[in-house]
Protein chains: 2
Amino acid sequence: MSVQERKERERAARERLIVATARELAEQQGWDAVTTRRLAERIEYSQPVLYSHFRGKREIIGAVALEGATEMAALLRAATRAADGPRARVAALARAYLDFAARNPAVYDALFQLDGGLAYAQEDTPQPLKDAFAALLESLGEVAGDGVDPGLFTEVFWASLHGLATLTRAGRLLPEYAEPRVELLVDRLAVI
Amino acid sequence: MSVQERKERERAARERLIVATARELAEQQGWDAVTTRRLAERIEYSQPVLYSHFRGKREIIGAVALEGATEMAALLRAATRAADGPRARVAALARAYLDFAARNPAVYDALFQLDGGLAYAQEDTPQPLKDAFAALLESLGEVAGDGVDPGLFTEVFWASLHGLATLTRAGRLLPEYAEPRVELLVDRLAVI
DNA sequence: GATTCGATCCTAGCACTGCTAGACACCCGA
DNA sequence: TCGGGTGTCTAGCAGTGCTAGGATCGAATC
């Protein structure tokens, strides 16, 4: 038994190595540079090994996305915990979200831009994704306003953040407006 | 002279054919299906012909994007013209924008999701792009509110629309909330 | 401790991608 | 009618994701 357990441990370790390496490579040189050959070379195994862990490149992206979702949820909760009052919590949430997107562009892409083969807003949505949305809902629900569904409000606020995150990174918005944009969004959308 | 003019006319026609075919193919089967081989086959020329018109695939995407920007600007202006009052104009604008994104997903991708090699929010930004932003600015500027820069407000409102458009199409938002999301966004962001 | 057998991994290759060099053919102007 | 130049195509390069098949290594058995 012990031998098999060791093998399973090693296998799990290698799987983590693949995901971590893919993420690192993507952050360094973009997802286009994450080819199966380069990835295999970096983990010092041959290509087919990747396919014994994942169905294909898409599933590797999905794995990075799930890892990112867990991190993001934790960061959002930490940011809101450190803030006092609904207004401050929402502002902290917004900044933490945009900060995460800016610091981890490849992970953000894996989550929301690329096809990682994950289901969203459905029954079979993976737990980390549900939890990340829950982290948003926790702080945003309290400022949705009377008669407005918290889920609906969260979707709208999230979409706005997502738009800001992606358009900012694509260089489609003026850099000097970054902070006022957040202020405006929070002031207008949230009902304090 | 006449011969050369005819040749230039034919060349221009073929260029339009390339862009139209690329767009059609992208709308039918997604941008992944728009390969240089397939595109060449559809226009009944060989691959290298594409490269006598465009530097590469990226420039073809860019051409589709510019065409889309012009259309979008016209649609947005038509929608706002038909509405009475600032509130109705903004709501019409939002619906027209999301409608365009939903009806022309490939064009929308070319504009805001893919790399078409175009400059944004800069000096050398192509006119159609500047004009599309101007179309947004025209209706949104009047509801920015006192002391709020119209450009800043437009960026935020646009980002929200963009977020809704992309997340909706990626199946990341609940379909049944589509209309209330727009209502909420307009009610909260716009100062009427 | 030798041997068999199965899991594990790698080499090689497929069909495809964007892009390009060089040969060919055709058409215009003389 | 003929030469020259423009325009187009064939063929090929390096790279992509993915996979079939054989080789190798190590664990369990006799």
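Residue numbers begin at 1 in each chain, while the letters A, B, ... track the order of the sequences.
Checked options N104(A), V64(A), L114(A); the residue passing with D109(A) is L114(A) (criterion: side chain to side chain contact (heavy atoms under 4.5 Å, CB included)).
OP1 or OP2 of dT17(C) has at least one side-chain nitrogen or oxygen of R38(B) nearer than 4.0 Å. A close approach under 4.0 Å does not occur between any side-chain nitrogen or oxygen of S46(B) and OP1 or OP2 of dT8(D). Contact annotation: T36(A) reaches the phosphate of dG17(D) (side-chain N/O to OP1 or OP2, under 4.0 Å). Checking the phosphate oxygens (OP1, OP2) of dC18(D), no side-chain nitrogen or oxygen of R58(A) falls inside 4.0 Å. Of the side-chain N and O atoms in R37(A), none sit less than 4.0 angstrom from OP1 or OP2 of dA14(D).
The interatomic distance linking I18(A) (CD1) with dG17(D) (C1') rounds to 15 Å, in whole Å. Between the CD atom of E15(A) and the C1' atom of dT8(C) there is a distance of 16 Å, given to the nearest Å. For the pair E10(B) CD and dC28(C) P, the interatomic distance rounds to 10 Å; values are reported in whole Å. A straight line from CG of L25(A) to P of dT16(D) spans 11 Å, rounded to a whole angstrom. With rounding to whole Å, K57(B) atom NZ is found 5 Å from dG18(C) atom P. Atom P of nucleotide dT8(C) and atom CD of E8(A) are separated by 10 Å, given to the nearest angstrom. Between the CG atom of D32(A) and the P atom of dA14(D) there is a distance of 21 Å, rounded to whole Å. One atom, CD1 of I61(A), and another, C1' of dG17(D), lie 12 Å apart when rounded to the nearest Å.
Between R55(A) and A33(A), it is A33(A) whose nearest contact on DNA chain D lies nearer the 5' terminus. Positionally, the nearest nucleotide of DNA chain C for E44(A) lies more toward the 5' end than for the other of E44(A) and Q47(B).
In summary, the aromatic rings of F112(B) and W158(B) are positioned with their centroids under 6.0 Å apart. Between Y108(B) and H162(B), the ring center distance clears the sub-6.0 Å criterion.
Annotation: the span from L173(B) atom CG to L167(B) atom CG amounts to 5.0 Å, rounded to 0.5 Å.
Counting any heavy atom pair closer than 4.0 Å across all strands shown, R11(A) reaches no nucleic acid atom.
The closest donor-acceptor contact from the side chain of T21(B) to the backbone of I43(B) lies at 3.5 Å or more, if one exists at all.
Between dC19(C), dC9(C), dT16(D), one nucleotide has an atom nearer to the side chain of Y51(B) than all others, and that is dC19(C). In the set dC9(D), dT17(C), dT16(D), the nucleotide with an atom closest to the side chain of T35(A) is dT16(D). Among dA20(D), dC18(D), dT8(C), the nucleotide with an atom closest to any side-chain atom of K7(A) is dT8(C).
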